[in-house]
Amino acid sequence: MDADIRWLDDPEVFRVGAVAAHSDHRFYICEEEAKTGKNSLAQSLNGVWKFHYSENAPERPADFFREGFDSAGFDEIKVPCHIEIAGYDKIYYINTMYPWEGHFYRRPAHSLGGTKEWEGMFSAASYNPVGSYLKEFDLDKGLLGKRVTVCFEGVEQAMYLWLNGHFIGYGEDSFTPITFDLTPYIKEKGNILAVEVHKRSTAAFLEDQDFFRFFGIFRNVTLYGLPKMHVEDLWAKPVLNEDGTGSFGLELKISMEKISMESISVESISVETGSPGRAEIILADKDGNCVLRRNMLLPGNVKAAEKAEGAGGTAGKENGSGAVLKDGFMEIACEMERADIGKVTPWDNHNPYLYQLYVKLYDGEDGLVETVPYQIGFCRLELKDKVIYLNGKRLILNGVNRHEWSPEQGRCIGMDEMEQDMEIFLKNNINAVRTCHYPDQIPWYDLCDKNGIYMMAESNLETHGSWQKMGAIEPSWNVPGDVPEWKEAVLDRARNNFETFKNHTSILFWSLGNESYAGENLVAMEQYFKEKEDGRLVHYEGVFNNRSYEDRISDVESRMYATPEEIREYLSENPKKPFILCEYMHDMGNSLGGLDSYMKLLDEFEMYQGGFIWDYIDQAILVTDAVSGQKVMRYGGDFDDRPADYEFSGNGIVFADRTEKPAMQEVRYYYGLYR
């Protein structure tokens, strides 16, 4: 397949050639590497790349990916980094409107009936910047002779990928990892990876979040060498029972080199020569005591698989064995039977107790091939009598909405910023976070697990400008709404969110997205999460603006900026659902003085479960003032960006440099009363 620039205009093309979304587990070649975290199977491509900026697609160097291309005229750029922060293009901040309003007329594809005005909207636009990236690399020793994939953890907004002149794939969901298989075209030395990033595509209609509109490769890029047997996906299923005992189940997807076998000895766990191997599952407590150990023989009638392949059904063809043949490898799905493990220590904000899970793969000769560590916790989330309980106790959310932010690097942040945020949370009695309005970097979920921060994990979706115009609800060209051509794109975003982060104990709510009105496509997202039956609740605020969907979308009544009296009125009139404020207080200027009025509602109504302050951190960029020569913080509108929502980018309880504002005293005091 060849790349097609017209994919930028088509909402039905959003993911081409990518590996299926999967869990965010780390994997290692041996136990020693798993303990130290040093991974010979991973090779970072972060660093300096060659780079070319173009103002639009017609002007881009369209053949830059071809072998032998002369890139002498290219600049250099750091990866990860926003292209605007590197000095190219303009910096834009906007809240509800789309950034092109007043400059270009654009309406979402298929939203206005049969009109074809959307064709060429982005691919032929006079302004739609393009970043052309090139990275030359040799494979590290640990990756030689293995299947090789590349994972992009975050690319805004639409990306095309080539390796050594061969087209690999395309993707659009900016804030979840996307993985591509490079194996068919990888070499030991002299590889050229080419990435073409477009600032806007149809994804721009789905990513209308209240933030600076950047583009580029802004999160880590990593190569992985996959062992001959590899855990492609794992889904840990811990259950906390009412009596304090626990049970544990596990689903695995394993890929391996296609081999032949005659039989497997189930009784002895050993396997005859040529058999695929086994998975060992170990669960240990914090002190290293083993609470569960299971050996699971890898299923799959490989003879049947070979027969199916010989019949012409190779790529992805299933057979009766449960194996799938793909590119010379078998993919096997297997499930460990649920096991009781006696009394367990529950996980919550006060005691975020985590157990250590290991999945170890052994080949047919019982040699260790791969080790996968993962920390999991036991908790029980319930909705009973219209009240949310965690481990049998009423859940109270002392939360904040949190953008990823650095005043020097924008949304391109590292562990230092994440650890500083966690320290601020714990010091100020913040026990919950909403990932507004996109998935965050993987380490943030780990930190929330380890520190007991309840998470509302939001999918990468906001279409504010398509249904609210100048403050009025006007959904004449709303997406995704009921437009069938947009359904799969938003389902893909829900799937990416779930599959990547499904093992994190801290996630109590899956959120469909933010401020995207309501419609049948949102119903489909809700159904997707419900069908997983993972014990979490589903959240979405937008049904407040379209009550015809309130019985079909969201387990909770969620609102923004409702007054205490409006909350009291709802909860006093036979409410249908527990109440959460997904955004409240709006800490802009001299704000947050009325927090006590909301906190007192926790004593009045059990069905009131708290909420998330808007928001945690100012979005401001540190620049050198041309007149004074001093370093200053610049907000929306300070970059001649129009349209703009100006200082609306600054409504955090900490400044952009993470200095606490005076309002934090209110947060610390009142949140401390209801821990």
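With a 4.5 Å cut-off on side-chain heavy atoms, Ile388 and Leu381 count as touching. Looking at heavy atoms from C-beta onward, Asp446 lies in side-chain contact with His504 at the 4.5 angstrom threshold. Counting heavy atoms from C-beta outward, Val490 and Leu206 have side chains that approach closer than 4.5 Å. In this structure, Glu606 and Asp385 have side chains that are not in contact, with every pair of non-hydrogen atoms separated by 4.5 Å or more. When side chains are defined from C-beta on, Tyr540 does not count as touching Cys582, because their heavy atoms never get closer than 4.5 Å.
For Lys384, the NZ atom is densely surrounded, since the number of other residues' heavy atoms within 6.0 Å is greater than 12. Dense packing is recorded around CG of Asp243, with more than 12 heavy atoms of other residues, nucleotides or ligands lying under 6.0 Å away. Remark: Glu520 CD is packed, more than 12 non-hydrogen atoms of other residues, nucleotides or ligands lying under 6.0 Å away. Shown here is Lys487, whose NZ atom has no more than 12 heavy atoms of other residues, nucleotides or ligands within 6.0 Å. Within 6.0 Å of atom CD in Glu604, more than 12 heavy atoms from other residues, nucleotides or ligands are found, so the atom counts as buried in its surroundings. Within a 6.0 Å sphere centred on OH of Tyr561, heavy atoms belonging to other residues, nucleotides or ligands number more than 12.
Between His82 and Phe214, the ring centre distance stays below 6.0 Å. In this structure, Phe218 has its ring center closer than 6.0 angstrom to the ring center of Phe175. Within the 6.0 Å centre-distance limit, the rings of Trp100 and Phe205 are counted as a close aromatic pair. Residues Trp444 and Phe425 bring their aromatic ring centres within 6.0 Å. Aromatic ring centres of Phe639 and Tyr93 lie farther apart than the 6.0 Å criterion allows. Taking the six-membered ring where the residue is Trp, the centroids of His539 and Phe529 are separated by 6.0 Å or more. Taking the six-membered ring for Trp and the full ring otherwise, the centers of Trp614 and His403 sit less than 6.0 Å from each other. Aromatic pair Tyr570/Phe579: centroids less than 6.0 angstrom apart. Not less than 6.0 angstrom separates the ring centroid of Trp510 from the ring centroid of Tyr528.
Cation-pi geometry between Arg411 and Phe211 is met: under 6.0 angstrom from the ring centre, within 45 degrees of the axis. Cation-pi geometry between Arg200 and Tyr92 is met: the NZ or CZ atom falls under 6.0 Å from the ring centre, inside 45° of the normal.
In this structure, Arg338 contributes its side chain and Leu250 its backbone to no donor-acceptor pair below 3.5 Å. Here the side chain of Tyr549 pairs no donor or acceptor atom with the backbone of Tyr517 at under 3.5 angstrom. Looking only at distances, a side-chain donor or acceptor of Gln441 sits under 3.5 Å from a matching main-chain atom of Ile413. Between the Gln619 side chain and the Asp210 main chain, a donor and an acceptor come within less than 3.5 Å of each other. Side-chain N or O atoms of Ser516 include one that pairs as donor or acceptor with a backbone N or O of Asn514 at under 3.5 Å. In this structure a side-chain-to-backbone donor-acceptor pair under 3.5 Å is missing from Asn496 to Thr176. Not a single donor-acceptor pair under 3.5 Å links the side chain of Asp587 to the backbone N or O of Asp615. When atom types are taken as modelled, the side chain of Asp534 and the backbone of Arg536 share a donor-acceptor pair closer than 3.5 angstrom. Under a 3.5 Å cut-off, the side chain of Glu474 and the backbone N or O of Ser476 do form a donor-acceptor pair. Remark: side-chain polar atoms of Asn431 are paired, donor with acceptor, to backbone N or O of Ile396 under 3.5 angstrom.
Between Glu550 and Lys577, no side-chain nitrogen of the basic residue sits less than 4.0 Å from a carboxylate oxygen of the acidic one, so the salt-bridge criterion is not met. A salt bridge does not link Lys502 with Glu251: every distance from a Lys NZ or Arg NE/NH1/NH2 to an Asp or Glu carboxylate oxygen is 4.0 Å or more. Salt bridge present: Lys530 and Asp555 bring a charged side-chain N and a carboxylate O closer than 4.0 Å. Taking a cutoff of 4.0 Å between a charged side-chain nitrogen and a carboxylate oxygen, Arg402 and Asp440 qualify as a salt bridge. Ion pairing between Arg495 and Glu531 fails under the 4.0 Å rule for side-chain N and carboxylate O. Look at Asp173 and Arg15 and you find no salt bridge, because none of the NZ, NE, NH1 or NH2 atoms lies under 4.0 Å from a carboxylate O.
Annotation for Arg213 and Pro99: closest pair NH1-CD, 3.6 Å, computed over non-hydrogen atoms. Ala663 and Leu592 get closest at one heavy-atom pair: O-CD2, 3.3 Å. When every heavy atom of Leu581 is checked against every heavy atom of Ala562, the shortest pair comes out as CD2-N, 3.9 Å. Nearest heavy-atom pair across Asn429 and Tyr671 is O-CB, 3.5 Å. The shortest non-hydrogen separation linking Val479 to Thr463 is O-OG1, 2.7 Å. Arg380 and Asn241 make their closest contact through NH1-O, 3.3 Å (heavy atoms, listed as atom of the first residue, atom of the second, distance).
With Arg658 as reference, Asp421 is the one residue of Asp421, Asp416, Asp618 to meet the salt bridge (charged side-chain N to carboxylate O under 4.0 Å, His left out) rule.
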For this session: Evaluate the side-chain hydrogen bond (donor to acceptor under 3.5 Å, both in side chains) criterion for residues Glu207 and Asn460: first the C-alpha distance (whole Å), next the side-chain angles of each, then the deciding distance (0.1 Å), finally the verdict.
Result: CA-CA 7 Å; Glu207 297 180 10; Asn460 179 24; 2.9 Å; yes
Exercise. Can Ser466 and Asn478 be said to form a side-chain hydrogen bond (donor to acceptor under 3.5 Å, both in side chains), step by step?
Worked result: CA-CA 5 Å; Ser466 76; Asn478 166 239; 3.1 Å; yes
Exercise. How far apart are the C-alpha atoms of Ile653 and Tyr616, what are their side-chain angles, what is the distance that settles it, and do they pass the side-chain contact (heavy atoms from CB on, under 4.5 Å) test?
Worked result: CA-CA 5 Å; Ile653 50 178; Tyr616 169 65; 4.2 Å; yes
Exercise. Does the pair Phe509 and Arg434 meet the rule for a side-chain contact (heavy atoms from CB on, under 4.5 Å), with working shown?
Worked result: CA-CA 9 Å; Phe509 302 88; Arg434 179 180 178 220; over 6 Å; no
Exercise. Yes or no on side-chain contact (heavy atoms from CB on, under 4.5 Å) for Met585 and Glu666, after CA distance, side-chain angles and deciding distance?
Worked result: CA-CA 11 Å; Met585 296 313 299; Glu666 292 280 305; over 6 Å; no
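For Asp449 and Ser506, the side-chain atoms include at least one donor-acceptor pair closer than 3.5 Å. Side chains of Glu458 and Ser511: a donor on one and an acceptor on the other come within 3.5 Å. A side-chain donor from one of Asp603 and Tyr674 sits under 3.5 Å from a side-chain acceptor of the other. For the residue pair Ser459/Arg493, the side-chain donor-acceptor check at 3.5 Å is not satisfied. Asn398 and Tyr454 share no donor-acceptor pair across their side chains, judged by distance under 3.5 Å alone. Between His464 and Tyr98, the side chains place no donor N or O within less than 3.5 Å of an acceptor N or O (distance only, hydrogens not considered). In this structure, a donor-acceptor pair under 3.5 Å is absent between the side chains of Asn545 and Gln468.
Atom CD of Gln420 sits about 7.5 Å away from atom CD of Glu417, to the nearest 0.5 Å.
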